Protein chains: 2
Amino acid sequence: MIDTVKIAKALSDPIRYKMMLMLAQSEEGCCPIPGEDDQRPGLCNCEFMSALGMIQSRVSYHMKELVDAGLVKEEPRGKWKMYFINTKTLRQYMEQLTQDFAL
Amino acid sequence: MIDTVKIAKALSDPIRYKMMLMLAQSEEGCCPIPGEDDQRPGLCNCEFMSALGMIQSRVSYHMKELVDAGLVKEEPRGKWKMYFINTKTLRQYMEQLTQDFAL
DNA sequence: ATATAATATTAAAATAATTTGATATGTCAA
DNA sequence: TTGACATATCAAATTATTTTAATATTATAT
């Protein structure tokens, strides 16, 4: 079962919302591993650091919040960690809102 | 334009989420004014106080947050103030999420 | 094995949100 | 008008969240 309040909390920070937008809009992955052809969308920490002007530990902290809420999936990829948006959770969140509030 | 982050923040507190659920589920209004037949759903502060065991100023504070986010409409009604859920904002919120995250 | 690079964790400081009790405002009824 | 009741506001105390800098961990390449 989905924790609506927790998801709302994860979405309630402007930085985290921007991160989610970045993930949703990322067309091609950053930090591709040479020799591998997997170019799935997804971003690594460094992208958020440069795009949002944040230090590394701050990015890491917010990413953890998003992952804990189930909004983002992560996958180690070489020496980087790639992040992907988890649209399933977002859809479940909206479904729950629809039910809870009879929309 | 809708402020997604602000709405998420309003929904991110367990007390406020419960209040929203109460508003969504209220079948008939409390504190009806004698002689008036308007029995639209809606609740007044006293309902939240007794149902959630909260003191008045706390209820008032959280209600203000919900109203400020556009999730709740209020209407003075005799010496009480009645609160109604604003489903339009919730629908707009979900629409925005759908767009922002390509759901 | 060592050096380098990317991310994670930690503890402290800074900031923000919530709770409470006291008081103020507004409405109705007598 | 006064008294009673419902809600609003305020300031202080509490609690939670966020930020930072330092350090630890993990993986890669030489």
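These numbers come from a predicted model, not from an experiment. Here is how names work: the chains are called A, B, and so on, in the same order as the sequence lines, proteins then strands, and each is numbered from 1.
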J.: Of the non-hydrogen atoms in B:Tyr83 and B:Cys44, which two are nearest, and what is the gap between them?
T.: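 Nearest pair, atom of B:Tyr83 first, then B:Cys44: CD1-CA, 4.3 Å.
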J.: Measure from CG on A:Asn45 to P on C:dT7 and round the result to the nearest Å.
T.: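 Answer to the nearest Å: 4 Å.
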J.: Would you list the pairs meeting salt bridge (Lys or Arg N to Asp or Glu O under 4.0 Å) in which at least one residue belongs to residues 3-17 of chain A, sequence neighbours left out?
T.: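 Checked against salt bridge (Lys or Arg N to Asp or Glu O under 4.0 Å) - neighbours excluded - no pair reaches residues 3-17 of chain A.
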J.: Describe, as an angle rounded to 10 degrees, how the axis at the first end of the helix from C:dA1-D:dT30 to C:dA30-D:dT1 is tilted relative to the axis at the last end, five pairs per end.
T.: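 One end axis against the other gives 30°.
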J.: How close do B:Met20 and B:Val72 get, heavy atom to heavy atom, and via which atoms?
T.: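 Result for this residue pair: SD-CG2, 3.8 Å.
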J.: Applying the side chain to side chain contact (heavy atoms under 4.5 Å, CB included) test to B:Phe101, which of A:Leu71, A:Ile85, A:Leu23 qualifies?
T.: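 Single side chain to side chain contact (heavy atoms under 4.5 Å, CB included) partner of B:Phe101 among A:Leu71, A:Ile85, A:Leu23: A:Ile85.
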J.: Please give me the minimum heavy-atom distance between A:Pro14 and A:Ser12, naming the atom from each residue.
T.: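 Where A:Pro14 meets A:Ser12 most closely, the heavy atoms are CD-O, 4.0 Å.
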J.: Find out whether B:Met19 and B:Val59 are in side-chain contact, i.e. whether some heavy atom of one side chain is under 4.5 Å from a heavy atom of the other.
T.: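 Contact flag for B:Met19/B:Val59 side chains = yes.
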J.: Kindly compute the distance separating CG (A:Leu97) from OG1 (A:Thr4), expressed to the nearest 0.5 Å.
T.: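 Taking CG in A:Leu97 and OG1 in A:Thr4, the distance rounds to 6.5 Å.
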J.: As a test of reading the structure: which of D:dA8, C:dA5, D:dT7 is closest to the side chain of A:Lys79, going by heavy atoms?
T.: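 Of all the options, the side chain of A:Lys79 is nearest to C:dA5.
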J.: Tell me: CD of B:Glu74 to P of D:dA8, nearest whole Å?
T.: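 Rounded to the whole Å, the gap is 6 Å.
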J.: Is there side-chain contact between A:Leu43 and A:Phe84, with heavy atoms separated by less than 4.5 Å?
T.: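 The answer is no, as the side chains (C-beta and beyond) never meet within the 4.5 Å cut-off.
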J.: Nearest whole Å is fine: how far is C:dT7 C1' from A:Met63 CE?
T.: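 Going from CE in A:Met63 over to C1' in C:dT7 covers 12 Å.
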J.: Please encode protein proximity along nucleotides 16-23 of chain C as a string of B, S and -, counting only heavy-atom distances under 4.0 Å.
T.: -SBBBB--
J.: From OH of A:Tyr17 over to P of D:dT18, roughly how many Å is that when rounded to an integer?
T.: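 Checked: the OH to P distance equals 17 Å.
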